Amino acid sequence: MGEVDAGQDHAEFRRDVREWLEENCPPEMRDGAAGEDSICWGGSSWTFTCTAQKDWLERCVERGFTVPTWPKAYGGAGLNRDEDKILKQEMQAIGARSPLDSFGIWMLGPALLKFGSEEQKLHFLPPIARGEIRWCQGYSEPGAGSDLAGVQTHAADQGDTWLVNGQKIWTSYADRADWIFALLRTDREAKKHLGISFVLMDMRSPGITTRPIQLISGASPFCETFFENVEVPKTQVVGTINRGWDVAKYLLTHEREMISNGGNVMGSGRALGAVLSDSDTGQSDPVLRGDAMRAEVDSLALEMTLERYKDQAEGGQGVGDASAMLKYMGTELNKQRLELVMAADGADALTWGETPASSWLRTKANSIEGGTSEVMLSIISRRILNLPG
Amino acid sequence: MGEVDAGQDHAEFRRDVREWLEENCPPEMRDGAAGEDSICWGGSSWTFTCTAQKDWLERCVERGFTVPTWPKAYGGAGLNRDEDKILKQEMQAIGARSPLDSFGIWMLGPALLKFGSEEQKLHFLPPIARGEIRWCQGYSEPGAGSDLAGVQTHAADQGDTWLVNGQKIWTSYADRADWIFALLRTDREAKKHLGISFVLMDMRSPGITTRPIQLISGASPFCETFFENVEVPKTQVVGTINRGWDVAKYLLTHEREMISNGGNVMGSGRALGAVLSDSDTGQSDPVLRGDAMRAEVDSLALEMTLERYKDQAEGGQGVGDASAMLKYMGTELNKQRLELVMAADGADALTWGETPASSWLRTKANSIEGGTSEVMLSIISRRILNLPG
Amino acid sequence: MAKLIQTEEETLLSEAAHGFLSKSAPVSRLREMRDAGKRNDPELWQEMAAAGWAGVLVPETAEGSDMGHAAAHVLARELGRNLTVSPFLSTAVMAATLLRQFSDEATIAKLKQIAEGAITYAMAIDENAKFSQERVELTAEKRGNGYILNGKKRFVVDGCEADRILVLANSNEGLCLFDLTNKSKGMTQETLAMIDSRDAADLIFDDVEVSGESLLGEVGAGYELLKPALEAGQAALAAETTGLAEAAFALTTDYLKERKQFGITIGSFQALQHRAAHLWCEIELTHSAVLNAGRILDESPEQATLAVSVAKARATDTAQKSVQEGVQMHGGIGMTDAFDMGFYMKRARVAAEWLGDYGYHAGQVAQLRGF
Amino acid sequence: MAKLIQTEEETLLSEAAHGFLSKSAPVSRLREMRDAGKRNDPELWQEMAAAGWAGVLVPETAEGSDMGHAAAHVLARELGRNLTVSPFLSTAVMAATLLRQFSDEATIAKLKQIAEGAITYAMAIDENAKFSQERVELTAEKRGNGYILNGKKRFVVDGCEADRILVLANSNEGLCLFDLTNKSKGMTQETLAMIDSRDAADLIFDDVEVSGESLLGEVGAGYELLKPALEAGQAALAAETTGLAEAAFALTTDYLKERKQFGITIGSFQALQHRAAHLWCEIELTHSAVLNAGRILDESPEQATLAVSVAKARATDTAQKSVQEGVQMHGGIGMTDAFDMGFYMKRARVAAEWLGDYGYHAGQVAQLRGF
């Protein structure tokens with residue numbers, strides 16, 4: 001689906017991009033790899049896996065291609081959506097890896113672009129675009145689960161600074177991040193959703209420590225992060241003090257779309273069709289085959305829906321609460337797909353190593369992180385269907 | 001499953017039964033028919049479809065074989081469960097039809113045996129066993145749905161009699177029944193579950209009228225039944241006045257088991273395997289075939305569960321709330337099976353007449369009548385799993 | 001590709017269709033027709049033709065409105081919502097798509113008649129209980145300038161009332177398509193008592209003599225000619241079925257908001273909420289698949305097979321889920337003939353089978369996706 | 001048939017096993033073993049042997065407790081609940097069922113050793129990624145009085161630690177079963193890093209010379225000999241998997257009762273209640289299927305195929321549903337290695353594949369039911 005014909009107007013742009021990629025994308029970066037191991041996360045402690053990875057990042061930074069749709073002033077290339085699509089198509093055509101992935105690009109960037117002050121944008125966005133500062137996200141707290149508004153980590157008012165105490169959980173890559181964006185309780189008297197602020201903190205600040213969490217799928221990017229009397233300047237609040245919930249809500253919607261997208265990317269790492277064709281019984285077992293046919297139909301319909309929502313967004317119609325649907329359907333479907341891959345691979349899939357086992361287990365978290373499937377369904381029920389209660 | 005070996009002790013009984021059946025079951029009644037059309041419902045307005053049906057009923061009545069496990073004093077044969085099984089096996093072996101089916105046998109009989117006075121038993125049970133009096137059930141009321149305890153049909157105390165006013169819905173075969181057993185509100189002050197009585201009424205009583213309900217599956221056995229100033233003697237209350245809920249609860253459990261059983265009987269009228277083998281694409285379409293395999297596995301497991309529960313019941317361990325499971329799984333599974341039959345038969349199934357279409361639509365009511373699937377799940381959640389709320 | 005959102009024209013068309021159908025041909029009209037034993041509504045079809053619907057896929061050279069497949073889907077969706085009885089799919093979508101592959105005068109004249117609402121068509125393809133355009137045993141034997149047809153066609157939608165029939169037949173030299181009057185000598189229509197109360201028939205061909213002119217295109221080209229028409233029909237049926245799913249779902253959510261049980265609005269029960277929310281997600285995905293099929297049929301119809309099969313498979317499944325949840329959540333009332341849900345359920349069942357069921361289309365998808 | 005309820009002996013056995021395992025070999029023991037890189041626990045097996053478990057299917061003539069299949073299932077279920085690591089299925093169920101078909105002195109001696117816990121066995125059957133006892137390419141070539149084995153066996157559970165291996169091989173004259181020491185010259189064990197942290201290996205046979213005595217029964221009788229052992233193993237694995245499903249479900253319902261979210265006990269959310277209730281129903285059906293398989297294996301083992309396949313299919317499916325709902329309902333904590341649910345999920349996956357997955361057994365059922 002979705003071969004986009006961006007029309008004659010963009011023919012020149014496409015030619016330029018193609019030429020630039022031909023000249024600048026190193027052969028090693030054209031292997032189409034998309035797994036955890038091949039990602040360039042950037043940040044001050046980043047070690048490039050090879051010179052080509054470093055070259056590729058630097059050349060993209062120069063053109064603004066790490067964040068193609070961001071304004072040039074903040075390190076982007078200022079592309080519109082059609083141009084962005086063309087760039088992605090051309091990269092895909094030669095199997096080019098993404099030059100840089102980060103929570104800064106996915107999450108904080110959009111939040112700063114929408115809620116940050118001009119000063120904050122100029123200060124924080126370019127280092128993200130250049131892959132110099134790696135960010136992690138501090139939302140969840142132990143025992144709070146989906147109830148993000150129940151934030152307990154406290155920021156006490158000290159005049160120009162906050163004094164932060166508490167604990168976050170599920171902070172991805174906190175042990176390798178330079179900075180963290182977090183939700184902190186800045187007013188204990190206010191009602192639940194009020195009294196929360198969206199705060200940026202340097203992970204080297206005295207009083208911040210991290211501890212990795214091991215998952216059922218093995219080592220994980222997740223950590224627990226502890227704050228003990230951490231001093232934070234008030235200039236590092238994004239948006240209005242005590243209105244951090246607005247920023248968080250915006251980012252949640254954004255995250256849901258990302259996860260549902262990511263879900264697909266993961267699944268398509270090895271297409272269901274290929275898995276079944278290779279499988280011992282993928283052809284002969286009607287249960288497996290029938291389920292795979294269903295999953296394939298559904299995946300295609302989900303892809304079309306993502307495309308539709310993008311078209312809507314471009315037409316100025318926000319996706320809004322429907323992002324809950326993308327999150328829910330995307331992650332549930334991805335779980336199903338990996339179950340089918342495991343079944344198709346049979347005994348081959350039952351060991352650690354070069355097998356789908358880790359991915360399979362990892363998908364189980366997709367429908368929990370960023371808001372559980374149950375929370376998504378409740379959002380749809382109340383906000384879209386207007387059912388009572 | 002379930003070929004029962006009742007042991008040496010019963011060899012003689014089995015021989016007797018076999019001989020008796022050989023001599024007494026007319027050839028026309030050995031066609032294995034089990035559909036709506038071949039049932040003998042009995043009652044004062046019953047017209048036998050043929051002499052053989054009449055003969056078969058009369059001979060069974062003589063031996064107590066219309067209600068084999070009821071005591072002889074009430075028209076039964078006083079068989080124990082092993083003997084009853086043997087009788088059923090031997091009848092099945094020659095494809096013998098059931099001599100008599102009725103709500104009196106299935107529902108009122110068990111209630112009277114448990115809650116009725118000796119006088120009531122002697123008065124009401126034998127005519128049921130002989131197929132002379134046909135009963136219908138008056139539980140549901142318009143707009144009340146699953147909320148049986150919300151009974152509004154009122155029985156006003158007039159000393160020796162009640163004066164009944166109100167309306168019942170979903171009364172099966174009310175238009176052909178001689179008597180009705182119904183839940184009536186006998187105390188409007190009492191709390192919901194209290195203040196209800198279980199009352200028997202002659203359908204010829206002045207003030208009772210009925211109107212058939214057409215279902216999406218076509219003509220239906222269901223009626224609306226109206227009560228306008230109907231006088232009922234108080235001797236026709238079963239159990240304690242205002243404690244009719246106990247009787248109703250007992251019968252609900254009983255009904256659930258029956259429906260889950262009936263569900264299977266319906267489905268096995270034409271085995272899924274046979275349907276698929278005959279089907280155009282039953283062999284080649286993995287979706288249909290895979291789903292049918294699942295349904296078959298589940299049906300067998302449900303049959304085993306029915307067997308297990310019967311064994312438990314015989315061991316003195318009541319099925320209790322687990323009947324909600326039988327009702328839920330049996331009816332949901334039956335709906336699935338009929339969906340598969342419809343798909344397997346393709347265009348052949350899309351017309352009225354000798355097709356599975358009516359049965360398919362009729363199964364949709366199975367998971368509503370006698371307590372919806374949702375009510376069953378809530379019963380399991382609260383009473384078996386002890387989940388809060 | 002054009003965007004997967006309705007254009008302004010499409011929105012206007014949708015609103016117009018909604019206004020017209022909810023007044024002139026809502027579900028209550030189907031009920032009336034069923035109770036009266038009627039299977040078609042020629043006056044209604046005249047009104048639709050006057051609005052340009054009958055000519056939605058007829059070229060302007062034949063005086064059609066030629067609005068395209070996506071527009072046809074907008075209309076089909078509204079027809080589905082209202083369970084409106086009409087020969088729209090057989091005539092305006094399938095026959096028109098098939099015939100517009102020719103530009104001879106005779107065909108142009110027929111297309112013009114289609115656009116005017118002057119003639120209706122039925123497609124005679126199936127011969128077995130399950131859809132398959134491959135197993136054709138109805139024979140076309142060359143005799144003189146013409147052919148003799150013998151055999152039987154099953155489940156011909158609109159087969160009683162249509163003026164003309166497009167018949168897929170097997171000749172010595174491959175599959176052929178014939179365009180016949182439904183009154184040809186030797187043809188018998190066996191009316192089917194359809195559960196959706198619509199027109200369908202088995203057609204029996206007993207030495208039916210047809211002229212050479214009734215053969216469409218070349219001998220042996222039957223399937224190539226049929227393919228675009230079939231895919232157009234499958235996609236439009238998917239659109240209709242999606243509309244049906246949406247309407248049944250709307251009935252259900254309305255009921256959830258108003259109905260009380262044990263003193264509480266049942267829509268506040270979380271188990272029902274989550275099931276309703278899930279169903280909404282299913283409908284949303286299906287709607288995308290239909291939009292996508294419409295765009296591809298309009299822009300690159302020769303590449304539409306995958307998109308069409310995804311749409312038909314999804315719509316079939318979603319509609320069935322919607323009516324099943326609809327009956328269950330309504331409880332007893334959902335089972336009564338007096339309530340509309342049963343009409344939706346029965347139409348969903350027929351629409352599921354017509355032009356290929358879920359398994360057929362999921363199989364197409366699997367094949368095109370390499371497994 | 002005996003009743004589908006536990007006898008008093010079975011209840012006592014179940015209670016004893018529960019008491020013993022929850023103390024000596026609960027899930028925390030598996031965690032310890034995994035963290036220490038250990039794959040078997042010989043001391044535990046000695047204790048089980050002393051309790052008569054190793055000899056549960058060894059005839060009394062070979063000093064076994066010979067309690068039968070239903071009793072073996074009682075034990076397997078408790079092993080499943082606790083995820084206890086032991087060679088129970090390979091040795092006490094499958095090898096014992098296979099060997100007890102012979103009454104020669106040498107076999108009796110082996111059975112006696114099994115009952116004593118002195119030797120353990122592994123079954124080397126699979127050669128492909130999916131279970132199939134039909135595709136056997138490992139060759140047994142007659143040489144002198146004995147045979148030469150060449151080929152590879154995959155996914156041999158207990159293949160590293162077992163003392164002896166029962167190998168299914170293909171000779172010129174049909175399938176054969178050999179009983180070998182696991183230290184035979186020419187055999188290599190490739191340890192598999194299993195996700196369930198248990199012992200399994202690929203076994204490579206490179207000109208392995210075996211004596212004529214190691215052949216069990218007649219040449220060509222391999223499959224007939226294997227069948228009862230396989231079915232015994234499949235049923236016992238179904239029992240184990242049912243125990244696993246029950247334990248994971250118990251963890252989940254406990255959590256539902258204690259965990260609060262948005263200030264409310266999550267077990268009071270109706271959507272979760274209904275899902276939990278449904279899962280309970282699934283477990284209940286599966287439990288019946290396992291009970292039924294046990295009774296039939298004890299009473300008429302030659303007719304057990306259908307009952308065994310229903311049990312294995314149901315247990316596979318139910319366990320997967322139980323662990324999937326388990327992780328989801330626990331939320332983040334369910335995903336952490338520090339919590340036990342992951343151990344259940346991984347074992348459920350391995351148990352799903354071992355001795356035939358859902359599709360394999362559902363296929364058996366379909367075949368036996370005539371479609």
Side-chain angles (χ1 to χ4, degrees), chain B residues 1-6 271-279 282-283 289-290 292-315 317 322 324-329 332-333 344 373-374 376-389, chain D residues 1-6 249 252-253 256-257 264-270 272-293 295-296 299-300 303 306-307 309-318 358-359 361-371:
Chain B
M1 301 298 89
E3 255 308 292
V4 172
D5 179 12
L272 211 48
V275 176
L276 278 194
S277 305
D278 291 353
S279 161
Q283 296 296 321
R289 194 168 165 71
M293 283 160 64
R294 278 202 179 90
E296 194 70 7
V297 167
D298 293 345
S299 298
L300 289 166
L302 183 66
E303 275 180 41
M304 294 163 189
T305 306
L306 283 164
E307 199 58 33
R308 172 157 76 93
Y309 281 16
K310 282 184 205 155
D311 286 339
Q312 278 181 12
E314 203 177 349
Q317 215 182 320
M325 186 276 280
L326 294 179
K327 205 286 177 174
Y328 166 66
M329 294 296 264
E332 293 295 334
L333 187 53
S373 286
E374 292 74 21
M376 297 304 111
L377 288 171
S378 290
I379 288 174
I380 293 164
S381 163
R382 281 168 210 182
R383 298 204 206 136
I384 296 178
L385 304 181
N386 295 313
L387 291 175
Chain D
M1 195 171 75
K3 294 194 187 311
L4 291 179
I5 39 177
Q6 279 195 348
F249 182 65
T252 305
T253 47
L256 291 178
K257 288 173 198 171
I264 303 165
T265 310
I266 61 173
S268 66
F269 292 134
Q270 199 197 36
L272 299 187
Q273 290 180 340
H274 282 197
R275 279 160 55 186
H278 175 80
L279 195 47
W280 181 83
C281 296
E282 294 276 2
I283 292 172
E284 198 70 0
L285 259 60
T286 300
H287 183 51
S288 311
V290 169
L291 273 171
N292 183 63
R295 293 287 177 248
I296 292 185
E299 291 175 21
S300 38
Q303 291 163 28
L306 179 66
S309 279
V310 171
K312 177 67 167 80
R314 284 284 320 173
T316 294
D317 187 55
T318 304
Y358 185 89
H361 287 287
Q364 296 276 103
V365 170
Q367 202 180 2
L368 289 164
R369 298 284 283 185
F371 67 105

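So you know, we letter chains A, B, ... as the sequences are listed, proteins then strands, and number each from 1. The basis for the numbers below is simple: all heavy atoms, side chains too, and nothing from hydrogens, waters or symmetry mates. All values reported here derive from a predicted model rather than from experimental measurement.
Side-chain N or O atoms of B:Arg289 include one that pairs as donor or acceptor with a backbone N or O of D:Phe371 at under 3.5 Å. Looking at B:Asp311, its side chain does come within 3.5 Å of a backbone N or O of D:Leu4 through a donor-acceptor pair. B:Ser381 places no side-chain N or O within 3.5 Å of a backbone atom of D:Gln270 that could act as its donor or acceptor partner. Using a distance-only test at 3.5 Å, with no hydrogens or angles considered, a donor-acceptor pair links the side chain of D:Gln273 to the main chain of B:Pro388. For D:Arg314 (side chain) and B:Leu300 (main-chain N/O), no donor-acceptor pair under 3.5 Å exists by modelled atom type.
Only the side chain of D:Val365 comes within contact range of chain B, judged by heavy atoms closer than 4.5 Å. Contact of D:Leu291 with chain B is made through the side chain alone, with heavy-atom distances under 4.5 Å. Interface residue B:Arg382: only side-chain heavy atoms are found under 4.5 Å from chain D. Neither the backbone nor the side chain of D:Gln303 comes within contact range of chain B; no heavy atom of the residue lies under 4.5 Å from a heavy atom of that chain. If you measure heavy-atom distances from B:Ala324 to chain D, you find no contacts under 4.5 Å at all. For chain D, no part of B:Glu332 is nearby; none of its heavy atoms comes within less than 4.5 Å. Neither the backbone nor the side chain of B:Ile379 comes within contact range of chain D; no heavy atom of the residue lies under 4.5 Å from a heavy atom of that chain. Heavy-atom distances place the side chain of D:Tyr358, and not its backbone, under 4.5 Å from chain B.
Considering every non-hydrogen atom in both B:Met293 and D:Gly363, the closest pair reads CE-N, 3.2 Å. Taking each heavy atom of B:Leu387 and D:Ala276 in turn, the nearest pair found is CD1-CB, 4.1 Å. Nearest heavy atom pair, residue D:Ser288 against residue B:Thr305, reads OG-OG1, 2.8 Å. The minimum heavy-atom distance linking B:Ser277 with D:Gly370 is given by the pair OG-O, 3.0 Å. Residues B:Asn386 and D:Lys257 share a closest heavy-atom pair of O-CE, 3.6 Å. Counting all heavy atoms, side chain and backbone alike, D:Ala277 lies closest to B:Ile380 at CB-CG2, 3.7 Å.
To the nearest 0.5 Å, the span separating NZ on B:Lys310 from NZ on D:Lys3 amounts to 12.0 Å. Within the model, atoms CD of B:Glu296 and CG of D:Leu368 stand 10.5 Å from one another, a figure rounded to the nearest 0.5 Å. Going from atom OG1 of D:Thr252 over to atom CG of B:Leu385 covers 11.0 Å, rounded to the nearest 0.5 Å. Taken to the nearest 0.5 Å, the CD atom of D:Gln6 stands 10.5 Å off from the CD atom of B:Gln312. With rounding to the nearest 0.5 Å, the separation of NE2 in D:His287 from CE in B:Met304 is 13.5 Å. For the atom pair OH of B:Tyr328 and NE2 of D:His274, the computed distance is 9.0 Å after rounding to the nearest 0.5 Å.
Each of B:Gly290, B:Ser373, B:Ser378 has some count of heavy-atom pairs under 4.5 Å with chain D, and the biggest count is that of B:Ser378. Ranked by non-hydrogen atom pairs under 4.5 Å with chain B, the options D:Leu285, D:Ile5, D:Ile264 are led by D:Leu285.
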